[in-house]
Amino acid sequence: MKKLWGSRFEGKTDQLADRFSFSIAYDHRLAKYDIMGSLAHARMLGKCKIISQADAKKIVAGLKKIGKQIDHGTFKFDPQAEDIHTYIQSELRKIIGSAADKLHTARSRNDLIVLDMKLFCMVELITIVNAVALLQKAILEFAQKNKDIIMPAYTHLQQAQVVLLAHHMLAYIEMLERDKGRLMDAFERADAMPLGSCALSGTSLPTDRDFVAKELGFNAVTRNSIDSVSDRDFIVESLSHLAILGMHFSRIAEDLILWATREFNFINIDWSMCTGSSIMPHKKNPDILELIRGETAGLYSNLNELLVLLKGLPLTYNRDLQLDKPALFQSVDKVKEMLALLAKLFSGLQVNKSTVKRRISDEALFSVDIMEYLIQKGVAYREAHDIVGNMIRQCTDKGKKIADLTEGQLKNFCPKFSPDVKKLLNPEMSVKIKKSLGSTNPASVEKQIAKWKKFLHA
Ligand code: ARG
């Protein structure tokens, strides 16, 4: 296939060099964006009388034909083409003849590829934000279905205090909401149209970049042609936000993996999201969650790849920049798969209510509540901490329960104790007495659920 830069070249390029440098194998994914950009560009060239209206019309008609083939999945990519830009232009020439030679006026592949990548990125960012919202909905439904369940919460992976399971689920929803914010932030910063910067300096031809931006639905036009063709920040930002999103997936996966162990046995993951063992017939392994945790490593390395790729590059365009694509495509594809799987997994998740209930019987889970009881009776925090610590240690040592202590024994620990303190040795009470904003108090968790429901279904 004729190269876009073939004319001044003496001799043929090496076959191995061709194979090493061609990007069509992966950048064919940008075809529809390349067509969108070219349509807007051709219309602008005609409107600004840089090419005749007749030629502009021919180009537009030809591009639309190719666009239809792409939409229908019938457009075949020639692996002999250097890249998607070269290929589309050669196909266009086959359809409309020599008018196709005018399409590449007042632009270069340097600005075109940034345009294609920005359009891809922006569309995928929105797609991912919507998929994150679907995952949030699945988690919210799971929370609502199990809104009365109280479970132990952990610090240092040691039982700490009791919380509502729904409260823990709402924490996931908060994390994911921040992810959506970051992704939209990247979208907004990417939203500036680079085409027309040409190779790097702009053009002497009377173009109208604002027109192209409007045609393509961009909010703004990039201000500096040198920056326009050099900038890949929008990819780094996207990969970075996807890496953080993956970190969240991985932490959620880790919680669920732990909760599904025989030792915890809080939840049952649906069989459809598990696998068995080839040797141990009893096994039900949470492989999908483990792979979600594992694939997060790839999201980090893709971000790292871009950062390393860019760090030593002089402005402006260098061919290294071609290698930004596999990393971005892979992260986008993986994140979308992970989102769909997690949403399915939450829909099929079952809580083992009786086991969870048995795990919230340890009185130590209410130590903070007892301490705060004393604080409310005027005991200083430090002293209250000592008193309750001492009481729990002695009870544990003697195999006794606080619930069985007599009034006299209680008063021996602290005269401020009355028998009513025993009301606190109860998980329902423990969550109910929480008052602070954002706490696990059931009424406030219920309000949060309602708030999220309204927000996510808006
Ligand atoms: N395939 C190239 C890329 O992805 C397109 C831009 C080529 N520009 C150039 N000056 N060789 O970056």
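Every number for a ligand or one of its atoms is a count from 1 in the order of the listing. The chain is numbered in sequence order, starting from 1. For the numbers below, each heavy atom of this structure counts, side chains included, while hydrogens, waters and symmetry mates do not.
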Calculate, to the nearest 0.5 Å, the distance between atoms CE and CG belonging to M36 and L119 respectively. 5.0 Å
How would you list, by chain and number, every residue that makes a ring-ring contact (aromatic ring centres under 6.0 Å, His included) with F366, sequence neighbours excluded? none
Would you please indicate if the ring centroids of W259 and H168 are separated by under 6.0 Å? yes
Which residue pairs pass the side-chain hydrogen bond (donor to acceptor under 3.5 Å, both in side chains) test with at least one member in residues 49-67, sequence neighbours excluded? S52-D55, D55-K102
Is the distance between the ring centroids of F187 and F234 less than 6.0 Å? no
List in chain and number order the residues that pass ring-ring contact (aromatic ring centres under 6.0 Å, His included) with F75, two or more places apart in sequence or in another chain; answer none if no residue qualifies. F77, Y87
Starting from the N and O atoms of ligand 1, find every protein N or O within less than 3.5 Å and list the pair with its distance.
{"unit_1": "ligand 1", "atom_1": "1 (N)", "unit_2": "S23", "atom_2": "OG", "d": "3.1"}
{"unit_1": "ligand 1", "atom_1": "1 (N)", "unit_2": "Q322", "atom_2": "OE1", "d": "2.8"}
{"unit_1": "ligand 1", "atom_1": "4 (O)", "unit_2": "K325", "atom_2": "NZ", "d": "2.7"}
{"unit_1": "ligand 1", "atom_1": "8 (N)", "unit_2": "N110", "atom_2": "OD1", "d": "3.1"}
{"unit_1": "ligand 1", "atom_1": "10 (N)", "unit_2": "N110", "atom_2": "OD1", "d": "2.9"}
{"unit_1": "ligand 1", "atom_1": "12 (O)", "unit_2": "Y317", "atom_2": "OH", "d": "2.5"}

